[in-house]
Asker: 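First the structure, which I've put down as structure tokens, then a few questions once you've had a look.
The chain is numbered in sequence order, starting from 1. Counting starts at 1 for both ligands and their atoms, following the listed order. Remember, it's a predicted structure, so these values are computed and weren't measured experimentally.
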Amino acid sequence: MSQNPVSVTVAADVAVISVNSPPVNTITAAVRDGLFAAIADIRGRQGLAAVALVCEGSTFFSGADIGEFAGPPKEAEYRDLFRQLEQLPMPVVAGMHGVIMGGGLEIALACHYRVAVPETRFGFPEVTLGIIPGAGGTQRMPRLIGVEKTLDLILTARPVDVATGIRLGFIDAEIRGDVREATVAFAQGLVRDRARARRTSERGVDPATAAPAIILRLTAQARSQYPNRQAALTAIEAVSAAARMPFEEGLLYETELVNGAKATIESKALVHVFFAERNTRKVPGLAADAAIRNVASGGVIGAGTMGGGIAICFANAGLPVTLLDSSQEALDRGFGVIANTYDSMVKRGRLTAAEKEARLTLIRGTLNYADLKDADVVIEAVFESLELKRKIFKALDEVAKPGAVLATNTSTLDIAEIAAATRRPGDVIGLHFFSPANVMPLLEVVRTDTTAARVVGTALDLAKRLKKTPVLARVCYGFIGNRMMEGYAREAQRMVLEGATPAQVDGALETFGMAMGILAVFDMAGIDVGVNVHTANASRYPPDPSYYQADFALHAAGRLGQKNGRGYYKYLPGDRARHDDPQAIEILGNTARRLDIAQRTHGTDEILERCLYPLINEGIRILEEGVALRAGDVDVVWCAGYGFPRYRGGPMFYADSIGLKTVHDGMLKYRDLFGPMHWQPAPLLARLASEGRTLGDWDAERNAQGGIR
Ligand SMILES: NC(=O)c1ccc[n+]([C@@H]2O[C@H](COP(=O)([O-])OP(=O)(O)OC[C@H]3O[C@@H](n4cnc5c(N)ncnc54)[C@H](O)[C@@H]3O)[C@@H](O)[C@H]2O)c1
């Protein structure tokens with residue numbers, strides 16, 4: 001049996017409730033049981049003048065146990081526990097450190113006094129999980145700081161520091177030194193001052209903080225900040241209720257609202273992505289191989305857009321990195337961009353000048369392969385040419401130390417062919433960063449059939465140190481993300497040839513929740529970049545004369561996207577805002593005539609279905625082929641790398657939520673209209689749809705069998 005994570009000790013006349021539930025003192029069922037027992041213990045003792053509640057380890061309670069969301073509601077238990085804590089007859093002081101979120105903050109609000117050491121942070125992140133604070137937070141916090149400020153905290157969902165907590169009025173004091181000792185000292189001070197129990201629940205809410213104009217403003221803010229979402233609006237309802245309902249009634253109302261929120265697709269989707277992101281590093285069969293290499297330094301070949309960004313990732317993680325290019329001029333250009341990136345971080349207050357210097361000194365430039373001999377991992381990011389990359393890997397093979405991970409950032413090439421240029425193909429892997437590499441969280445880790453487990457493990461571990469979300473994939477054209485992008489982009493381009501405007505297509509996608517419409521993405525990335533990829537890969541493309549022809553037509557007219565102010569849209573100098581451009585529309589119309597494509601209008605539903613169903617269908621093929629390990633991994637790729645709305649859970653979760661039969665029937669509908677070339681349902685989609693099952697079921701079943709390897 002596991003040990004009770006909660007203990008009570010008495011120092012003079014102060015009882016100290018101390019919690020030790022690693023790693024982050026989540027309020028699990030065991031912690032709650034321990035707290036109930038601790039409160040009963042304190043009630044049974046004589047002569048206590050105050051209580052201090054503290055946690056050991058890295059933080060005060062980090063929050064509620066999100067794993068319990070799926071089970072029976074726990075709100076009644078939380079209410080009861082926090083009420084018992086609050087009803088203790090002597091002053092109760094929460095002594096805090098670390099990062100305290102959600103339920104962790106709510107338990108502090110049920111204490112009578114709150115103190116914290118410097119660097120402590122507090123937040124209500126619930127709306128990012130589609131819910132609202134459900135353990136009294138919506139009723140207690142407004143009694144301390146008012147309705148408006150409580151909602152500011154909940155809607156921003158970002159943690160605040162101690163000074164802000166004091167200014168807002170929910171923190172009493174900053175303490176210094178050892179948290180436990182300082183909290184006990186604070187409690188003893190209260191005793192000396194004859195301070196009494198001071199119950200949050202017994203306070204009133206200042207009605208001026210819930211004035212109609214404030215609620216209207218916050219509602220408008222919630223609607224624009226959280227489009228298509230309910231949780232922020234529910235939070236406004238719950239918190240403003242505190243101003244009109246007695247405390248106990250407000251608590252029951254909060255419970256009703258939070259349980260309603262947990263049942264929404266929004267919440268289930270956000271919780272799904274939350275766990276999916278934490279699961280991507282779990283690879284069946286990998287644990288057995290423990291020989292993960294500790295990366296102490298890295299190398300990057302190619303100081304261009306990607307190489308420079310990757311070097312910054314290493315330096316940001318405190319890892320020295322050697323950056324190699326083929327000419328001094330290219331190196332200088334690369335270092336110029338890196339310095340600019342850091343300068344702008346300093347300008348925006350994200351970095352101090354000293355930190356910038358420290359990071360820059362971690363990046364060393366070279367023209368000489370011998371300088372890569374000590375690197376534990378080398379990532380190649382030169383031009384996308386198989387011949388060039390093979391040449392580089394051959395050179396790398398000559399100098400790299402035994403066991404070093406040799407990685408390529410290729411987007412489209414066969415990594416096995418690159419690996420075959422070395423005498424150690426087992427050490428070769430794909431590390432597919434996204435642009436800008438120092439910003440985008442996604443990292444596709446691509447293994448060949450010969451990549452050693454040790455190398456996969458090292459890559460996943462490195463990803464964590466570089467603060468990336470890795471997703472494991474097998475080699476195929478486009479890996480997971482770009483392969484799924486193919487049908488999505490194809491249909492968007494086809495629809496602007498059929499007469500939809502770029503703004504209509506992008507507008508539909510953005511209203512659905514995509515961070516940016518796909519045609520605007522092409523303008524941003526450069527239409528020439530897309531055309532180069534299409535040209536290089538023409539041989540593998542299907543025999544469809546309209547395939548990516550919108551890109552080709554705009555490119556032929558000299559429209560390169562944002563970089564020259566003209567692409568699918570028009571851009572004005574010094575401004576990234578896109579404007580409809582009749583010239584672009586005319587070029588697209590002419591192309592349609594040449595290709596004999598009839599013009600018509602498109603509804604939002606058609607735009608979404610034609611973009612999303614092929615995306616989903618390809619994701620399912622990827623699962624079926626074992627290119628991705630789990631549906632959740634595919635969802636992470638699209639949420640972390642392609643701006644798919646997290647509140648829809650990623651494309652696989654979204655497909656489950658609308659029903660695989662809907663997706664399957666949609667594929668058949670468009671197959672009837674446009675023919676089978678692009679609209680053949682994946683066999684797994686057809687099977688699951690006919691069985692009435694979901695990808696979630698399929699994932700769970702395979703996990704239970706040990707997962708694919
Ligand atoms: N740009 C993106 O959005 C993106 C995203 C993911 C992956 N990728 C992939 O990353 C790789 C690099 O792309 P990029 O956009 O950074 O290209 P880039 O043109 O910006 O940079 C390439 C760099 O490689 C250098 N180089 C060329 N030949 C070399 C050699 N023989 N030895 C050493 N250095 C050499 C060039 O001087 C240049 O600095 C490509 O494989 C690309 O497919 C690009």
Asker: Side-chain polar contacts of residues 294-318 - donor-acceptor pairs under 3.5 angstrom, sequence neighbours left out - could you list them?
Answerer:
from   : atom 1 : to     : atom 2 : distance (Å)
Asn294 : OD1    : Arg465 : NH1    : 3.2
Asn316 : OD1    : Tyr342 : OH     : 2.7
Asn316 : OD1    : Arg359 : NH1    : 3.0

Asker: Given Phe274 and His272, is the ring-ring contact (aromatic ring centres under 6.0 Å, His included) satisfied, shown in steps?
Answerer: CA-CA 5 Å; Phe274 177 90; His272 162 76; over 10 Å; no

Asker: Hey, which of Phe653, Tyr654, Tyr488 is the one that makes ring-ring contact (aromatic ring centres under 6.0 Å, His included) with Trp638?
Answerer: Tyr488

Asker: Flag the pair Lys563 and Asp528 as a salt bridge only when some basic side-chain nitrogen lies within less than 4.0 angstrom of an acidic carboxylate oxygen.
Answerer: yes

Asker: So, applying side chain to side chain donor-acceptor pair (under 3.5 Å) with Tyr477, which one of Thr412, Asp414, Asn537, Asn482 is it?
Answerer: Asn537

Asker: Given side chains that start at C-beta, do those of Thr458 and Val377 come closer than 4.5 Å, heavy atoms only?
Answerer: no

Asker: Check each N or O atom of ligand 1 against all protein N or O atoms and list the pairs under 3.5 Å, with atom names and distances to 0.1 Å, one per line.
Answerer:
from     : atom 1 : to     : atom 2 : distance (Å)
ligand 1 : 8 (N)  : Ser411 : OG     : 3.3
ligand 1 : 10 (O) : Asn409 : ND2    : 2.9
ligand 1 : 16 (O) : Thr305 : N      : 3.3
ligand 1 : 16 (O) : Met306 : N      : 2.7
ligand 1 : 20 (O) : Thr305 : N      : 2.9
ligand 1 : 20 (O) : Thr305 : OG1    : 3.0
ligand 1 : 34 (N) : Asp325 : OD1    : 3.2
ligand 1 : 37 (O) : Asp325 : OD1    : 2.7
ligand 1 : 37 (O) : Asp325 : OD2    : 3.2
ligand 1 : 39 (O) : Gly304 : N      : 3.3
ligand 1 : 39 (O) : Asp325 : OD2    : 2.7
ligand 1 : 41 (O) : Val382 : O      : 3.3
ligand 1 : 41 (O) : Glu384 : OE1    : 2.5
ligand 1 : 41 (O) : Lys389 : NZ     : 2.6
ligand 1 : 43 (O) : Glu384 : OE1    : 2.9
ligand 1 : 43 (O) : Ser411 : OG     : 3.4

